[in-house]
Amino acid sequence: MLKPFLTVALMLAVFIAGCGDDDDGGDNTPAPSTEGTSTAAASPATEVIASETFEPAVAMTVAGDWDVVLDTATELIVDHPREVQTPGGVIAFALPEKVYNPENTLEQQDIPADLVDWFNSHRLLIVRAEEAATLGGLTGTRLEVVANNVDDFPLFEVSDGAFEIRFNEHFYAYVLDSDGQQMLVFVSVENPAQLSTFMTAAQPALDSVEFTP
C-alpha cells in the first residue's frame, strides 16, 4: 500500500507547486497606470472672442464653434452654427441709431427714451417675460420676446443697415445702460422653438462677457 500513497503525495506536491501562492504568483503583468487621467469626459476647448471695431469693446469666453460674422462700430454678431445637440443661433450686440415706426416700418424714428417701454408697446412684438438683468457689469432689463407678425420687418437701424426680425422669431433682448447710451444684446436661434436649448450653449458665453470703454 506504500506505492499508491507515495504516488498520490507526489502528485499533490507537484499540483501545489504549480499553483503557487495567491499573493505572489499568477500573472505578474502590471496593471495599466491611471495616474494623471480622469474618468470625466474632456471639456470642450475654450477661446476668447473679442471685438475689434464695436465699442465699447466686447470680450467673451466661448466653448465650441463660435465665430464673429460681423464687427462694425454699432453692431457685433457672434454666430454658433447648428450642431448635433445644439441648434444654430447668434449673440448680437447693437447700438441702435434709429428705430422703425411699429405702425409704419418704412419710417424711421429717433431712439425712444426707454427702449423697454418701446418693446412692450410694439404692435408686432409680444413680450412674454421681463426681468432685471446684469451683463458684463452693465445693468438693465432682459425681455423674452416673440414676433407677432406675418413677415420679416426692420426693428432698428445700425451703421450697416436695418436690424431685422424674422417671421415668428423668438429671442431674448437685453436692454443695457452703457454710459448713458442704450445698448441692445440679442440672443436668437434659427429655429424659434429651440431657444431654450440654445441658451444652454449661450449662457456660459453671456456670463463671461466683459465690456471695456
Side-chain angles (χ1 to χ4, degrees), residues 37-72 74-96 115-116 119 125-149 152 155-156 158 160 162-178 182-212:
T37 63
S38 173
T39 57
S43 300
T46 61
E47 64 173 320
V48 176
I49 287 181
S51 64
E52 296 181 357
T53 306
F54 184 85
E55 292 183 357
V58 180
M60 61 181 178
T61 302
V62 296
D65 191 8
W66 292 81
D67 294 296
V68 174
V69 296
L70 183 66
D71 186 359
T72 71
T74 57
E75 190 174 10
L76 173 69
I77 298 180
V78 183
D79 174 75
H80 187 292
R82 184 171 60 236
E83 297 176 345
V84 174
Q85 296 182 344
T86 305
V90 301
I91 300 175
F93 301 81
L95 296 168
L115 278 171
V116 173
F119 271 100
L125 299 172
I126 298 173
V127 176
R128 288 186 175 178
E130 177 181 332
E131 61 182 349
T134 301
L135 187 65
L138 301 182
T139 59
T141 302
R142 188 180 83 163
L143 307 171
E144 182 184 353
V145 187
V146 177
N148 180 32
N149 62 296
D152 299 355
L155 192 63
F156 56 84
V158 285
D160 66 320
F163 187 99
E164 290 195 339
I165 298 300
R166 296 167 298 154
F167 172 66
N168 283 344
E169 187 162 354
H170 185 193
F171 60 94
Y172 285 109
Y174 293 78
V175 182
L176 305 173
D177 180 9
S178 176
Q182 296 178 92
M183 179 192 296
L184 296 176
V185 180
F186 287 83
V187 183
S188 183
V189 288
E190 295 174 0
N191 182 346
Q194 296 180 307
L195 180 61
S196 60
T197 302
F198 179 68
M199 281 298 291
T200 301
Q203 193 61 59
L206 291 167
D207 291 340
S208 73
V209 168
E210 295 181 358
F211 295 108
T212 305

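For the single chain, residues carry numbers from 1 onward in sequence order.
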If you draw a 6.0 Å radius around [atom1] in [X], do more than 12 non-hydrogen atoms from other residues or ligands fall strictly inside?
X	atom1	answer
E83	CD	yes
R82	CZ	no
Q85	CD	no

**Study point:** Verdict with supporting geometry, H80 and F198, side chain to side chain contact (heavy atoms under 4.5 Å, CB included)
**Key:** CA-CA 9 Å; H80 187 292; F198 179 68; 3.9 Å; yes
Please find the pair of heavy atoms, one from [X] and one from [Y], that lie closest to each other, and give the distance.
X	Y	result
E169	P192	CA-CG, 4.3 Å
Q182	L95	O-CD2, 4.2 Å
D67	I49	N-CD1, 4.4 Å
P204	A201	CD-O, 3.5 Å

Tell me, do [X] and [Y] make a side-chain contact under 4.5 Å, heavy atoms counted?
X	Y	answer
V62	E47	yes
Y174	L138	no
L184	F163	no
L76	S51	yes

Practice item. Decide side chain to side chain contact (heavy atoms under 4.5 Å, CB included) for W66 and I91; before the verdict, give the C-alpha distance in whole Å, the side-chain angles of both, and the deciding distance to 0.1 Å. Key: CA-CA 10 Å; W66 292 81; I91 300 175; 3.9 Å; yes
Can you tell me how far apart [atom1] ([X]) and [atom2] ([Y]) are? Round to the nearest 0.5 Å.
X	Y	atom1	atom2	answer
L195	T200	CG	OG1	10.0 Å
E55	T212	CD	OG1	10.5 Å
L143	R128	CG	CZ	13.5 Å
Y172	M199	OH	CE	5.5 Å
D207	T61	CG	OG1	11.0 Å
F211	L176	CZ	CG	6.0 Å

Check your understanding: Should the pair F186 and F171 be assigned to parallel (<30°), tilted (30 to 60°) or perpendicular (>60°) ring geometry?
Key -> tilted
Exercise for review: Decide yes or no on side chain to side chain contact (heavy atoms under 4.5 Å, CB included) for V68 and F54, but give the supporting numbers first.
Suggested key: CA-CA 11 Å; V68 174; F54 184 85; over 6 Å; no
**Study point:** Between Q194 and H170, a side-chain donor and acceptor under 3.5 Å
**Key:** no
Review point. Counting only N and O atoms by type, is there a donor-acceptor contact under 3.5 Å from the side chain of D152 to the main-chain atoms of F167?
Key: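 A pair under 3.5 Å: yes.
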Check your understanding: Under 3.5 Å, side chain of N148 to main-chain N/O of I126, donor-acceptor pair present?
Key -> no
Check your understanding: Yes or no on side chain to side chain contact (heavy atoms under 4.5 Å, CB included) for T72 and V158, after CA distance, side-chain angles and deciding distance?
Key -> CA-CA 9 Å; T72 71; V158 285; 5.8 Å; no
